[in-house]
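A short worksheet on the structure shown next.
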Amino acid sequence: MIMPANPLTTAETRLGLKPGQFPFESRFVSVLGAKLHYVDEGRGPVVLMLHGNPAWSFLYRRKIEALRTRHRCVAFDLAGFGLSEAPDGFSFLPEDQSKLIAAALDALDIRDATLVAHDWGGPIGLGAMLATNQCITRLVLGNTWAWPVNGDLHFEWFSKMMGGPIGRWGSERFALFVRFVMPSSMKRRKLTTDEINAYLAPFAGRSRKPMHVFPREITGSSRWLAEIESKLRTFGGRVHFIWPENDIAFREKELQHWLQLFPSASVTRIPRCGHFLWEDAPDETLAALQRALDDRP
């Protein structure tokens with residue numbers, strides 16, 4: 001039998017992706033009743049990549065391909081996203097997602113990693129960092145936050161609408177975050193049909209609850225977010241931000257809040273770039289990430 005030159009990977013097979021869309025070996029780690037899918041490519045200093053809502057490790061495919069020649073790239077799918085399986089009765093709360101990531105980092109003996117994250121991947125990864133010992137020692141964060149935003153109408157209305165009955169119905173019936181929120185957030189380019197399908201595929205025939213729990217918890221997880229902010233004040237590692245200037249969610253106000261927490265942090269601004277910065281400006285964000293990992297301005 002003649003085998004194809006480039007056989008489909010596990011993720012491509014299970015999610016119906018086209019050959020080459022996700023050319024990485026799928027790995028799995030069982031922690032706290034969950035079976036988390038992750039990619040572990042390359043050798044060198046560890047770069048830990050965490051996605052937000054409604055993505056999966058596919059979000060970082062270009063970064064992994066480019067960085068794995070010099071870095072060990074580890075990218076998880078959060079429970080209920082991508083190929084990761086949540087425990088029965090899992091809450092999908094960001095605090096519980098963070099506990100799973102912390103357990104996975106310990107199980108895999110990840111040490112001295114640089115956290116690369118945006119959206120909910122930020123507080124989830126930071127919570128995991130604070131719960132472990134030296135697993136994460138440096139931060140390269142995109143547009144994210146890690147403090148209570150209750151009382152800020154900018155966040156209150158979105159959390160109430162997309163995390164309430166309307167958002168729940170839209171997520172369960174139409175996968176609203178993938179079909180509408182992601183495409184409408186792009187400023188520089190359009191997602192291709194294949195890309196949209198890659199983000200839709202993990203939710204085919206599967207609960208879409210994670211997609212509406214996350215927006216609800218923007219205000220619902222205020223206690224946990226306050227704990228993270230308080231503990232972050234003692235963080236002494238290097239911090240860099242790659243900040244899209246046209247994100248409808250996280251604005252200049254949020255960046256300035258970060259800079260109050262980390263006055264010595266450096267910033268790369270990405271103009272004309274929306275919320276999903278890694279997709280919207282893939283080349284520019286890769287260059288910024290490479291400079292940050294090399295500690296270059």
Side-chain angles (χ1 to χ4, degrees), residues 21 49-63 75 77-78 81-82 94 116-125 140-146 149 152-164 166-203 208 210-219 241-255 258 267-286 288-289:
Q21 267 196 284
M49 304 176 185
L50 292 179
H51 64 85
N53 191 22
W56 56 290
S57 50
F58 180 79
L59 181 73
Y60 291 108
R61 63 199 182 280
R62 296 184 182 90
K63 286 18 178 203
D77 294 348
L78 299 177
F81 294 85
V116 176
H118 91 131
D119 192 77
W120 273 111
I124 288 170
V140 181
L141 300 177
N143 42 325
T144 187
W145 89 117
V149 291
D152 187 330
L153 292 180
H154 175 77
F155 292 104
E156 287 271 5
W157 77 266
F158 183 83
S159 183
K160 184 176 182 179
M161 180 180 71
M162 296 303 291
I166 294 176
R168 186 182 309 116
W169 180 80
S171 292
E172 292 290 352
R173 188 72 180 272
F174 300 108
L176 191 63
F177 271 91
V178 179
R179 295 186 188 276
F180 175 73
V181 176
M182 288 193 78
S184 65
S185 298
M186 303 290 285
K187 302 301 180 183
R188 292 191 176 199
R189 73 179 192 92
K190 291 184 178 180
L191 290 170
T192 67
T193 299
D194 287 341
E195 288 170 336
I196 292 174
N197 287 339
Y199 286 113
L200 283 171
F203 297 107
R208 295 172 177 178
M211 283 194 282
H212 62 79
V213 168
F214 271 155
R216 184 191 73 197
E217 292 306 307
I218 291 171
T219 55
F241 292 97
I242 303 176
W243 203 262
E245 293 188 337
N246 298 96
D247 180 11
I248 194 172
F250 301 107
R251 308 152 294 175
E252 181 68 21
K253 178 180 179 180
E254 283 69 53
L255 177 58
W258 278 119
V267 180
T268 299
R269 296 174 183 270
I270 309 295
R272 305 181 311 282
C273 184
H275 181 72
F276 296 93
L277 72 166
W278 316 115
E279 288 283 18
D280 208 358
D283 294 337
E284 195 165 342
T285 54
L286 173 60
L289 179 54

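For the atom pair CH2 of W278 and CG of L286, the computed distance is 9.5 Å after rounding to the nearest 0.5 Å. Taking CG of L59 as the reference point, atom CG of L50 lies at 10.5 Å (rounded to 0.5 Å). Here R272 contributes atom CZ and R188 contributes atom CZ; the two are 5.0 Å apart, rounded to the nearest 0.5 Å. Atom-to-atom distance recorded for L289:CG and E284:CD is 13.0 Å, nearest 0.5 angstrom.
Considering all non-hydrogen atoms of both residues, D280 and S185 come closest at OD2-O, 4.0 Å. Across every non-hydrogen atom of W56 and A198, the tightest pair is NE1-O, 2.9 Å. Among all heavy-atom pairs drawn from G163 and R168, the shortest one is O-NH2, 4.2 Å. Nearest approach of A249 to E254, heavy atoms of both residues: O-OE1, 3.9 Å. Across all non-hydrogen atoms, the minimal contact from Y199 to A55 is CE2-CB, 3.8 Å. Contact detail for S159 and T219: the closest heavy-atom pair is OG-OG1, 2.9 Å.
Residues L141 and H118 have side chains not in contact (no heavy-atom distance under 4.5 Å, counting atoms from C-beta outward). Side-chain contact check for P210 versus L78: every heavy-atom pair is 4.5 Å or farther apart. Counting only heavy atoms from C-beta outward, the side chains of I196 and T193 never approach each other to under 4.5 Å. R208 has its side chain out of reach of P54: every pair of non-hydrogen atoms, C-beta onward, lies at least 4.5 Å apart. In this structure, F158 and V149 have side chains that are not in contact, with every pair of non-hydrogen atoms separated by 4.5 Å or more. Counting heavy atoms from C-beta on, the side chains of W258 and V267 never come closer than 4.5 Å. A heavy-atom distance below 4.5 Å is found between the side chains of W120 and E217. Using a 4.5 Å heavy-atom threshold, the side chains of D119 and H51 count as separate.
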Before you tell me yes or no, could you show the steps for N53 and F81 under side chain to side chain contact (heavy atoms under 4.5 Å, CB included), namely the whole-Å CA-CA distance, both residues' side-chain angles and the distance that decides it to 0.1 Å? CA-CA 9 Å; N53 191 22; F81 294 85; 3.6 Å; yes
Passes side chain to side chain contact (heavy atoms under 4.5 Å, CB included), H275 versus F250? Steps please. CA-CA 8 Å; H275 181 72; F250 301 107; 3.8 Å; yes
Run the salt bridge (charged side-chain N to carboxylate O under 4.0 Å, His left out) test on R251 and D152 for me, step by step, so that the C-alpha distance in whole Å, both residues' side-chain angles and the decisive distance to 0.1 Å come before the verdict. CA-CA 12 Å; R251 308 152 294 175; D152 187 330; 3.1 Å; yes
Start with the C-alpha gap between R189 and E279, add the side-chain angles, then the distance that decides, and say whether side chain to side chain contact (heavy atoms under 4.5 Å, CB included) holds. CA-CA 9 Å; R189 73 179 192 92; E279 288 283 18; 2.9 Å; yes
Between E195 and R61, is a salt bridge (charged side-chain N to carboxylate O under 4.0 Å, His left out) present by the stated rule, with each step listed? CA-CA 11 Å; E195 288 170 336; R61 63 199 182 280; 2.9 Å; yes
Using side chain to side chain contact (heavy atoms under 4.5 Å, CB included), reason through T285 and K63 one step at a time and then give a plain yes or no. CA-CA 9 Å; T285 54; K63 286 18 178 203; 2.9 Å; yes
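Taking the six-membered ring where the residue is Trp, W243 and F241 present perpendicular rings, their angle passing 60° and hence far from 30°.
By the neighbour-count criterion of 12 heavy atoms within 6.0 Å, atom CD1 of I248 is sparsely surrounded, having that number or fewer from other residues, nucleotides or ligands.
For the residue pair D77 and S57, a side-chain donor N or O sits within less than 3.5 Å of a side-chain acceptor on the partner.
Side chain of W157 to main chain of H154: a donor-acceptor pair is present (N/O by atom type, distance under 3.5 Å, no hydrogens or angles).
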Result block: side-chain N/O donor-acceptor pairs under 3.5 angstrom for residues 170-183, not counting sequence neighbours:
unit_1	atom_1	unit_2	atom_2	d
S171	OG	G167	O	3.0
E172	OE2	K209	N	3.3
R179	NE	F174	O	2.8

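Under the rule for a side chain to side chain contact (heavy atoms under 4.5 Å, CB included), the partners of P244 that lie at least two apart in sequence or sit in another chain are N143, D247, C273, L277.
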